[in-house]
Structures are given as structure tokens and as C-alpha cells.
Amino acid sequence: MGENQRQRRNLSKARGLTSGARLKSPGDKIDDSLRVAWWVLGAFAIGVCIFIRIRLLDFPLERDEGEYAYGGQLILHGIAPHQFAYSMKFPGTAAAYALIMSIFGQSVAGIHIGLLLVNIGTSALLFFLGRRLVNSICGIAAAASYAVMSVSPSLLGWSAHATHLLMLPVMAGVLLLLRGLDRQSDRQIYFSGLLFGLAMLMKQPAAVFILFGVAYLIFWDWRADLSARRIWSRAFIFSAMAALPLLMTCVLIWRAGVFDKFWFWTISYAREYATLSSPSNATAYLRATFEEIIGARWLLLTLAVIGLIVGVWKTRHRVFLSAFFIASVLALSVGFYFRPHYFFLALPAVALLVGMSVTQTPDFFAERRAVANVILFIVFGAALVLPIFRERNLLFRLTPVAACRFIYGECPFPESKRIGQFIREHTASTDSIAVLGSEPQIYFYAHRRSATGYLYTYSLMEPQKYAHRMQLEMIQEIETARPTFLVLIVINDSWWPRPASERLIFNWADKYCAENYSAVGLVNIVDFDRTDYFFENVPAALASLKDYVLIYQRK
């Protein structure tokens with residue numbers, strides 16, 4: 001009996017070897033080698049992007065990061081959003097910053113470590129999504145494309161904007177929604193709605209992705225011939241789950257007694273702000289930003305266009321691909337400002353289309369499929385290398401401070417850290433300070449409470465109906481708080497005044513500072529490579545004074 005079993009096992013092995021030898025054609029060997037090469041290329045590309053982010057962990061905070069970091073500090077101290085920091089964005093990003101800083105510390109490097117992990121997480125979700133739609137190669141191409149595009153300085157990719165944080169729960173929600181639909185799991189479908197809702201807490205444009213989720217769910221259920229009652233009940237529960245995070249946030253803010261402020265800034269003023277961009281301005285924004293973004297990424301974007309055509313024409317996922325791409329474009333178009341980091345809302349869709357391109361295009365070359373696979377692999381590798389090679393000086397050579405100056409010009413982002421440290425060393429933890437200008441990162445560096453909720457002064461200069469009221473309110477808050485230090489930003493980019501802007505706050509500041517404060521610091525940005533610091537020894541006059549910051553201490 002034992003001999004017979006051995007004979008059967010030997011026969012099975014022989015058959016397996018024979019079958020394997022028969023199946024291993026030259027084309028199969030090329031496919032096997034390419035599969036390994038794809039994994040190596042994807043790992044290398046993502047590894048290089050991780051190295052770049054680690055090298056630039058100390059890249060100075062810019063204004064949006066300063067707002068979120070200061071808001072996160074307040075949350076860690078148990079202070080409700082909008083109580084001492086006004087913002088037209090929902091408080092999800094500040095809460096995410098608070099979580100990141102509670103783990104990695106209240107520092108620039110700690111914040112950017114959090115950004116690194118968010119970026120890795122989004123890339124990983126794109127891999128799993130691409131693998132679910134097509135195969136592992138599609139996932140690798142999508143993940144590597146996103147990593148390379150998202151590290152671009154043209155997209156302000158080194159700063160932890162809300163758009164970075166927003167896309168992580170969006171991609172998790174998309175993946176879970178598709179998984180729930182495939183497995184007919186109501187629980188996974190409804191939980192995906194909750195993830196979309198968390199994304200909307202980061203920034204309002206994520207509402208477009210909620211609409212995408214509802215529409216795709218209804219389409220899927222309709223195609224599956226579910227009853228009308230079942231279709232609409234699932235859509236309603238999904239929508240309710242998506243609305244739950246915002247509803248809970250509103251309840252918490254109402255209990256903190258600042259719901260009026262929250263409603264004004266996130267609804268009333270946000271609506272007014274969205275109307276400020278005219279069609280001509282929107283076109284100029286789009287043209288300038290898009291030309292900068294295309295740059296050396298033209299080959300990746302060409303692959304994405306091919307992927308959109310092939311994906312819609314050929315695959316069974318045409319509805320999902322086209323709907324997700326349209327939703328991404330609509331999300332970045334909300335308000336029609338088209339700033340560089342807004343394009344992060346479309347990067348996952350573009351990356352996914354690149355994956356579709358490299359995996360689906362070879363099907364049109366049935367007789368030479370192996371050759372087409374090799375060519376597409378080479379083209380994709382070149383598409384990844386081009387943007388990194390073109391921006392190699394920024395990515396691999398310049399220091400974080402020099403890179404910041406190159407990207408943001410003479411904005412006082414590197415200087416804000418020294419200003420904040422000076423104020424922190426000369427105040428008590430209970431003292432308040434005020435910044436006249438749009439530099440909220442100074443509050444974060446100083447670890448001191450703002451005397452006013454106005455972290456930005458752009459809104460005071462805008463041609464909108466609340467501008468005069470805002471100037472009066474900021475003045476009143478500062479006079480009531482009597483801050484120990486007052487920082488005056490004399491840099492046009494920190495205010496963006498228009499010819500028609502009201503000058504009330506400038507006239508008030510000149511008089512108020514002269515009567516109540518003494519100048520104890522001057523930071524003069526001479527040029528890209530030189531900044532002069534005068535602390536407690538302010539000169540009476542300087543030969544060159546263009547972009548500068550004055551630091552006043554209360555008499």
C-alpha cells in the first residue's frame with residue numbers, strides 16, 4: 001500500500017513538471033521577469049520619495065501648516081476649535097495635527113513625520129485599489145506614480161496641507177466601498193460612508209467625494225436589480241454615516257459655546273469667499289498652476305490620459321473610473337482658485353489611471369504583448385525618473401531653509417521660528433501675543449495664546465461685505481486682550497491689499513503701537529540668502545528695508 005502511494009506521488013510530480021515545462025513559454029519567462037522588475041521599480045521609487053521627505057523633515061512651516069499646528073496645540077490644551085482661532089475650514093485637519101503632535105511631538109519634524117506616514121498610507125491604499133481593479137502591477141504603478149507626483153515642490157508636496165490628509169480617508173472609503181459591494185456587506189458599505197465623512201471634516205470639497213460614493217452605490221444597486229426601497233434605504237444610511245462626523249463636531253462645538261463663530265466662518269464667510277474668484281481669475285489660476293505642474297510630469301500625465309481612454313473603453317470598471325475621475329476634478333475646482341496643493345485632490349485618480357494604462361494597453365497588441373509590456377515598463381520608469389531628475393537640486397541638494405526660500409520667495413517662514421523662540425523666551429506661559437499679518441506659524445513656534453482669533457488678515461483686505469466688520473472685531477479683540485507682544489508683518493504677501501481695501505486697521509496699528517508698545521525686535525529680509533535679526537537692539541534706520549517684521553513689547 002505504501003509503495004503504491006509513493007508511485008502515485010512520483011507520477012503526480014512528473015506530470016506537474018511536464019505541465020510546467022509545457023506552460024513556460026518565452027513570453028511567460030519575460031512576464032515573470034517583468035513582474036519582479038515591477039516590484040523592484042515600485043519599491044525603489046517609493047523608497048526614493050521616502051528618503052526625500054526624511055531629508056526635508058525640517059522644512060519650515062508655511063501659513064496653512066501654521067494654522068493647523070496652532071489649532072492642534074489649542075485642541076491638545078482642551079480648547080475648542082474656533083474659540084481662539086478662526087478658520088473657514090472644518091476642524092478635522094487641526095484635530096489630525098493634534099493627533100500627530102501627540103505622537104511625534106509639537107515640532108516641525110514631528111508634523112512632517114506625520115505627513116510622511118499619511119503619504120505612505122495613501123500610496124498603500126492605491127496599491128490595494130489597483131490590485132482589486134486589475135492586478136498587482138496596476139497597484140504598483142498607481143502607488144509609485146502617486147508617491148513621485150506628491151513629493152513635487154511644484155505641488156507644494158512637502159507641506160502638510162489639508163488635501164494630503166483628506167485623501168487618506170477618501171481612498172480608504174473608496175476601497176472599503178468597492179469591497180463591501182463585491183462582498184455584499186452592508187456593514188462595510190456604511191463604514192465607508194463614515195470614512196468619507198471624516199474626509200469632509202478635513203476640508204469642505206470632500207463633500208464631492210461623498211456625492212460620488214452615494215451615486216456609485218445607487219448605480220451598483222440599480223444594476224444589481226435591487227428593489228427601489230432597498231436602493232434608497234442603503235443610500236440614505238450611507239449618507240447618514242457620512243454626515244455623522246460633522247454632526248458630532250457641531251454638537252461638540254455647540255456645547256463649547258462657539259457655534260455662532262463656527263457657522264459664520266465655515267458657512268457664511270466661506271460662501272462669500274467662494275464667490276470672489278471671477279472667471280478671468282479662475283482661468284489665470286488654472287493656466288499658471290497647470291503649466292507649472294505639467295513640467296517634467298508630462299509623460300505621467302500622458303499615460304494617465306491613455307489610461308482614461310483605455311479604462312473607459314475596455315474594462316468593466318469604466319463607470320467607477322470615469323465617475324471617480326470626474327469627482328476628483330470637481331473637488332479641486334470648488335471655488336475656482338486652482339492653487340497648487342488643491343491638485344492633490346486629483347492625484348489618486350491620475351495615479352490610478354496611470355496604472356490602468358500600463359496594464360490594459362498591451363491587450364491591444366495580442367501578438368506582441370510581451371514586447372508591449374517591456375516597452376510600457378521602460379516608458380513608465382522614464383516617467384517616474386523625469387520629474388525627480390528635473391527637480392534634483394531641490395530634492396537632494398538644498399537645505400530645508402534654502403528650499404523653502406526657493407519655493408516661497410521672501411515669505412517669512414524660516415524667520416518665524418526665531419521670532420517665535422524670542423517671544424517664548426521673553427513671555428510667561430499665560431501671556432498672549434498678537435500677529436498683525438497672516439503668519440499663524442508664529443503662534444505655534446511661540447507656544448503662546450493668540451490675543452485675537454484672526455490668524456489671517458487676507459479676509460480683512462478682500463472685497464467682501466464682512467471686511468469692515470472683521471477689521472473692527474480684530475481691533476477690539478486685541479485692545480481687550482492687551483497682548484504682551486505684538487508682531488507687525490510689513491510684507492505685502494502677508495496681507496494681499498487691493499486698491500479698494502479699507503485701511504482702517506493700518507491706521508489703527510500705527511497709532512496703537514506708538515502709544516502702547518516699544519519696538520524690541522526687527523527682522524529684515526534683505527534677499528533670498530540673507531536675513532538680519534535685531535533683538536532688543538533695534539536700529540533707528542537701515543539702508544535697505546523692504547520686507548520686514550517688527551516686534552513690539554507692551555510698555
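Predicted, not measured: the structure shown is a model, and the values here were computed from it. FYI, the numbering just counts along the sequence from 1.
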Colleague: Return yes when atom CD of Q421 has more than 12 non-hydrogen atoms of other residues, nucleotides or ligands closer than 6.0 Å, and no otherwise.
Modeller: yes
Colleague: Hey, what's the ring geometry for F344 with H164, parallel, tilted or perpendicular (30° and 60° as the breaks)?
Modeller: tilted
Colleague: Verify the neighbour count for atom NZ of K89: are there more than 12 heavy atoms of other residues, nucleotides or ligands below 6.0 Å?
Modeller: yes
Colleague: How long is the gap from CD1 on I423 to CD on Q553, to the nearest 0.5 Å?
Modeller: 10.0 Å
Colleague: Report yes if some heavy atom in the side chain of S450 is under 4.5 Å from a heavy atom in the side chain of F84; otherwise report no.
Modeller: no
Colleague: Quick one: do Y285 and F336 satisfy ring-ring contact (aromatic ring centres under 6.0 Å, His included)? Show the steps, please.
Modeller: CA-CA 8 Å; Y285 274 128; F336 299 104; over 10 Å; no
Colleague: Look at atom OH of Y458 and say whether more than 12 heavy atoms of other residues, nucleotides or ligands are closer to it than 6.0 Å.
Modeller: yes
Colleague: Looking only at heavy atoms, which two atoms of P440 and Y70 are closest? And how far apart?
Modeller: O-CB, 4.3 Å
Colleague: Nearest 0.5 Å please: distance from the CD atom of Q471 over to the OG1 atom of T457.
Modeller: 9.5 Å
Colleague: Test the R469-F264 pair against the cation-pi criterion, namely NZ or CZ under 6.0 angstrom from the six-membered ring centroid and within 45° of the ring axis.
Modeller: yes
Colleague: Whether the Y512 and E479 side chains hold a donor-acceptor pair (N or O, under 3.5 Å, no angle test) is what I'd like checked.
Modeller: no
Colleague: Determine whether a donor-acceptor pair (N or O, by modelled atom type, separation under 3.5 Å) exists between the side chain of K546 and the backbone of N524.
Modeller: no
Colleague: How many angstroms lie between CH2 in W254 and CG in D260, if you round to the nearest 0.5 Å?
Modeller: 12.0 Å
Colleague: Rounded at 0.5 Å granularity, tell me how far CD1 in I100 sits from CD1 in I111.
Modeller: 8.0 Å
Colleague: Kindly compute the distance separating OH (Y342) from CG (L347), expressed to the nearest 0.5 Å.
Modeller: 15.0 Å
Colleague: If you count every heavy atom of other residues, nucleotides or ligands that lies below 6.0 Å from R390 atom CZ, does the total exceed 12?
Modeller: no
Colleague: Answer yes or no for R448 and F485: cation-pi contact, defined as NZ/CZ to six-membered ring centre under 6.0 Å and angle to ring axis within 45°.
Modeller: no
Colleague: W265 pairs by ring pair (Phe, Tyr, Trp, His ring centres under 6.0 Å) with which of Y456, F259, Y454, Y466?
Modeller: Y454
Colleague: If you compare all heavy atoms of P169 against all heavy atoms of L165, which two are closest, and at what distance to 0.1 Å?
Modeller: CD-O, 2.9 Å
Colleague: Are T531 and R418 close enough that a side-chain donor and a side-chain acceptor fall under 3.5 Å?
Modeller: no
Colleague: Could you go through W158 and H112, starting from their C-alpha distance and side-chain angles, then the distance that decides it, and tell me whether this counts as side-chain contact (heavy atoms from CB on, under 4.5 Å)?
Modeller: CA-CA 8 Å; W158 307 335; H112 290 155; over 6 Å; no
Colleague: Kindly give the heavy-atom pair with the smallest separation between F338 and S333, and that separation in Å.
Modeller: CE2-OG, 3.5 Å
Colleague: Within a reach of under 6.0 Å around CZ of R498, are more than 12 heavy atoms found that belong to other residues, nucleotides or ligands?
Modeller: yes
Colleague: Can you confirm whether R424 sits close enough to Y445 that some side-chain heavy atom of one is under 4.5 Å from a side-chain heavy atom of the other?
Modeller: no
Colleague: Do the rings of Y517 and Y552 sit parallel, tilted or perpendicular, given the 30° and 60° boundaries?
Modeller: perpendicular
Colleague: Tell me the closest heavy-atom pair linking E65 and L61, and the distance in Å.
Modeller: OE1-CA, 3.4 Å
Colleague: Starting from the C-alpha separation in whole Å, work towards a yes-or-no answer on side-chain contact (heavy atoms from CB on, under 4.5 Å) for D532 and Y548.
Modeller: CA-CA 9 Å; D532 295 332; Y548 60 97; over 6 Å; no
Colleague: Would you sort out whether Y273 and M88 count as a side-chain contact (heavy atoms from CB on, under 4.5 Å), showing the intermediate values?
Modeller: CA-CA 9 Å; Y273 176 79; M88 65 177 173; 3.3 Å; yes
Colleague: Is there a side-chain contact (heavy atoms from CB on, under 4.5 Å) between V334 and L345? Walk through the geometry before answering.
Modeller: CA-CA 11 Å; V334 172; L345 299 174; over 6 Å; no
Colleague: So, W496 and D493: side-chain donor and acceptor under 3.5 Å apart, yes or no?
Modeller: yes
Colleague: Applying the side-chain contact (heavy atoms from CB on, under 4.5 Å) test to F209, which of V170, L330, V214, V174 qualifies?
Modeller: V170
Colleague: Determine the minimum heavy-atom distance between S154 and R297, stating which atoms define it.
Modeller: OG-NH2, 3.2 Å
Colleague: Once the angle between the rings of H82 and F262 is folded into 0 to 90°, is it parallel (under 30°), tilted (30 to 60°) or perpendicular (over 60°)?
Modeller: perpendicular
Colleague: Checking S416 against E439: is there a side-chain donor and acceptor pair closer than 3.5 Å?
Modeller: no
Colleague: Does the S438 side chain pair with the main chain of W495, one donor and one acceptor, at a distance under 3.5 Å?
Modeller: no
Colleague: Do you know the tightest heavy-atom contact between A346 and S328?
Modeller: CA-CB, 3.8 Å
Colleague: Roughly how far, to the nearest 0.5 Å, is CE of M167 from OG1 of T122?
Modeller: 7.5 Å
